[in-house]
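What follows is one structure encoded as structure tokens, with my remarks underneath.
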Amino acid sequence: MTRELLSPAGSPEALRAAVQNGAGAVYLGWGDFNARRNARNFSDEEFADALSYCHLRGVRVFLTLNTLLTDRELPRALETARKACRLGVDAVLVQDWGLLDLLRQALPDLPLHASTQMSIFTSGGANEVASDGCERVVLARECSREDTEAICAACPAEIEIFAHGALCMCYSGQCAMSAVVGGRSGNRGTCAQPCRLPYGVDEPAANRYPLSLKDNSLAQDLSGIRDVACLKLEGRMKRPEYVAVVTGIYARLLEENRSPTPAEERELELAFSRSGFTDAYWRGRRGVEMFGTRPENAPEPRELFERAKATYEKDNRRTVPVRFACTIQPHAPCVLTVDDGTRAVTVTGPAPEAARTRALTAEEVAERLGKTGGTAFHCAGAAVEVGEGLSLPASAINALRREALASLAEARCAPPLRREAEVPPLRKAECAQERPALTVSLTHAAQLTPALLEEAPARIYLPLELLADLPHLPEADTQWCAILPRVWRDRDEADLRRRLEKARELGIDGVLVGNIGHLPLTRGLGLSLYGDFGLNVYNSRSLDYLRRKGLASACLSFELRFSQIRDLKKLLPTEALVYGRLPLMITENCLVQNQEGCGLSAAGPLVPAGAPCRESHALLDRTGAAFPLLPAFGHRTEVQNSRPLWLADRETWKRLGLAFARLRFTTERPEACVEILRAYRTGGAPPEIFTRGLYERGVE
């Protein structure tokens, strides 16, 4: 299987660096809606030029529209995609469910790729978006070779993986740390990279970087990567010389089906690295050896970058082979056909004259046709037929060659014909409520007390793992719902399905789904499906998309402002988090294991009750703020905000049309859960340390 090499193009210079060094495709940002808004990106004119430059040389161009979008932004994002479609962009990467749905309806022939921001790491998730029209799925960086092979075997869509570059500590699309702590949203393309800062696990932050992963590198593993359609190189924020070095090395490794030489390994490290590289996730491993930093004063590899710059300054390293066929016969216009292997164009020129002195030869014509310098083509052969005793000026042959190559270039750059359709308006059904009913989610069995049940929350959400330890559910005037793990793998699904069936027998009415892969896992069980915050619902069209997927309600993104929530068309009953420690990260690594050791195998899906990482632990930043660490399914870690969200003394959240308002209990004592629930009914004063979240200040 041919594996496409996909390179980053954060600027026109980086694009040329990628193309001239062997990229099969590039991905770039145009406009305001891409996950690297701080990159140089492209102007309107530069974007059109980029398409021509790449298509002329046989390189595909993918546009990144992979951020969350508000209702007001969706029309502009659609217009960006529509223009790109008309110009001939080869695919668009998307994260937002509403935009996915919008593009599928408005531009049915435009290829769509599911961004890694969709947090897809199972066959079910990949198949779900494939059935919605995504012809390629970019998997989470945390997927192993085993995970990837299982998804490739089960999913009809192409699968793309990250082969080289920076690793986020959190699963992409699930990180809220930059947004909540600094107001810059990774889901909106402005991540401030707080994971690169020093922290301490249960100790002050002092030259420790437990969230800073080394850069990923699969250079040593390329020959063993099968069935994957595309290998992506990260780096839209990197300089063009970096793109040239990394693209060039990976292009050679793929072409020659080999591992890098020591010299190539050194060049990759010089170009950019954080204490070296890691391929641990690909090998199904975790641990402290994956982590590293890069000094702020790391020297620039000037000699390497000067050589790299020379590879793309003149645009002459990568040309398209063409073959000419020319016929020059008496009393007829000369004919020239140029063929690039997939398309051919034919042009005609003046009729030759009788030679007065020396007759034209086929060799002379072939020599003239081979002079393709200054173009994106090179002559791979010329078949020439010239009648006897004829003459044709060199200028006429040159003009014929130029016209033929220009016509071929135009054909190579011509955008495909694609349908466009009007987008049907959203349905008028309105599920807004005058005041929301209170729901609660619990983390520990001890929080489920008779006193809490007496307060009769509309729903109680319990982790699926916790339900396994309950002999029965207490009788209560509430709806019982299971919370599915935020991260899992194909190999876990049989066990999760059995647990869901047992939970249904206990009396569970519904299930909280926070990932697109949860949908196929839960179908056929007769349970109501409620969307969780992990689905990143940011606009009305996302609500409509999830409604058609069978969801009965959906929790909105906590990155939305109150005004944006109010203005949403409530096409589903909506829910919002109004109390609790907001989840900032879900990490593949157990932070406690990496720091202190907890004695657990990374392979076990459930964290035992007596495990050290189930005890109270916190991540401390440079200011001394403590971010509680909760164990997560699969021996992972969920990082919580240092301050609980508090809105009990506010009235605004009650007037947004929400159907439900959730109190998210994590580290709270059982009696505190009851007190807080009562405070939200009566309007209690905030605690000494709290946050209003992002509802009033919003995010970039």
Geometric cation-pi criterion R141 and F162, 6.0 Å radius, 45° cone = yes
Exceeds 12 heavy-atom contacts within 6.0 angstrom, atom CZ of R681 | yes
Near R697 CZ, under 6.0 Å, is it more than 12 heavy atoms from other residues, nucleotides or ligands?
-> yes
K569 NZ: over 12 foreign heavy atoms closer than 6.0 Å = no
Using a strict 4.0 Å threshold on nitrogen-to-oxygen distance, state whether K570 and E430 make a salt bridge.
-> no
Is the W97 to Y545 ring centre distance short of 6.0 Å?
-> yes
For the pair N589 (side chain) and G287 (backbone), establish whether a donor and an acceptor sit closer than 3.5 Å, ignoring hydrogens and angles.
-> yes
All ring-ring contact (aromatic ring centres under 6.0 Å, His included) counterparts of Y695, not counting sequence neighbours | F562
Between T64 and G29 the two heavy atoms that sit nearest each other are OG1-CA, 3.4 Å
Checking K214 against F291: charged group under 6.0 Å from the ring centre and within 45 degrees of the axis?
-> no
Go through D101 and R548 one step at a time and tell me if the side chain to side chain contact (heavy atoms under 4.5 Å, CB included) criterion holds.
-> CA-CA 11 Å; D101 195 43; R548 298 198 309 274; 2.4 Å; yes
Salt bridge check: are R486 and E638 linked by an N-O gap of less than 4.0 Å?
-> yes
Side chains of L571 and L426 in contact at under 4.5 Å (non-hydrogen atoms) = yes
Is it true that K549 and E128 make a salt bridge, defined as a side-chain N closer than 4.0 Å to a carboxylate O?
-> yes
Derivation and outcome, side chain to side chain contact (heavy atoms under 4.5 Å, CB included), residues R188 and E559 | CA-CA 10 Å; R188 302 269 291 159; E559 294 187 17; 4.2 Å; yes
Establish, yes or no, whether the cationic atom of R459 lies under 6.0 Å from the six-membered ring centre of Y530 and within 45° of the ring axis.
-> yes
Run the salt-bridge test on D544 and R547 with the 4.0 Å N-O cut-off and return the result as yes or no.
-> yes
Minimum heavy-atom distance between A205 and P198, given as atom pair plus value = CB-O, 3.6 Å
Is a side-chain donor or acceptor of T637 paired with a backbone partner of L591 at a separation under 3.5 angstrom?
-> yes
State which residue, out of T67, N187, N66, fulfils the side-chain hydrogen bond (donor to acceptor under 3.5 Å, both in side chains) condition with Q95.
-> N187
Evaluate the side chain to side chain contact (heavy atoms under 4.5 Å, CB included) criterion for residues H635 and C613: first the C-alpha distance (whole Å), next the side-chain angles of each, then the deciding distance (0.1 Å), finally the verdict.
-> CA-CA 9 Å; H635 197 203; C613 51; 3.9 Å; yes
Selection residues 581-590 - residue pairs positive for salt bridge (Lys or Arg N to Asp or Glu O under 4.0 Å), sequence neighbours left out = R286-E588, R489-E588, E588-R636
So, the side chain of Q174 versus the backbone of Y171: is there a donor-acceptor pair under 3.5 Å, distance only?
-> no
Salt-bridge criterion met for D71 and R541 (N-O under 4.0 Å) | no
Is any side-chain N of the basic residue among K654 and E651 closer than 4.0 Å to the acidic one's carboxylate O?
-> yes
Should we say atom CZ of R82 is surrounded by more than 12 heavy atoms from elsewhere, each under 6.0 Å from it?
-> yes
Apply ring-ring contact (aromatic ring centres under 6.0 Å, His included) to Y27 and H113, showing your working.
-> CA-CA 11 Å; Y27 60 103; H113 292 179; over 10 Å; no
CG on L462 to CG on L442, rounded to 0.5 Å | 5.5 Å
Considering residues at least two apart in sequence or located in another chain, which fulfil the ring-ring contact (aromatic ring centres under 6.0 Å, His included) criterion with Y538?
-> none
Would you find a donor on one side and an acceptor on the other, under 3.5 Å apart, between the side chain of R692 and the backbone of W646?
-> yes
Checking salt bridge (Lys or Arg N to Asp or Glu O under 4.0 Å) for the pair E434/R655: CA distance, chi angles, key distance, verdict?
-> CA-CA 7 Å; E434 192 171 326; R655 300 192 297 265; over 6 Å; no
Electrostatic pair E300:R239 at N-O distance under 4.0 angstrom | yes
Ring centres of Y579 and W653 under 6.0 Å apart?
-> no
R76 CZ: over 12 foreign heavy atoms closer than 6.0 Å = yes
Hey, can you tell me if W30 and F47 have their rings parallel, tilted or perpendicular (30° and 60° cut-offs)?
-> parallel
Could you walk me through whether V180 and L694 pass the side chain to side chain contact (heavy atoms under 4.5 Å, CB included) test, one step at a time?
-> CA-CA 7 Å; V180 171; L694 299 165; 4.1 Å; yes
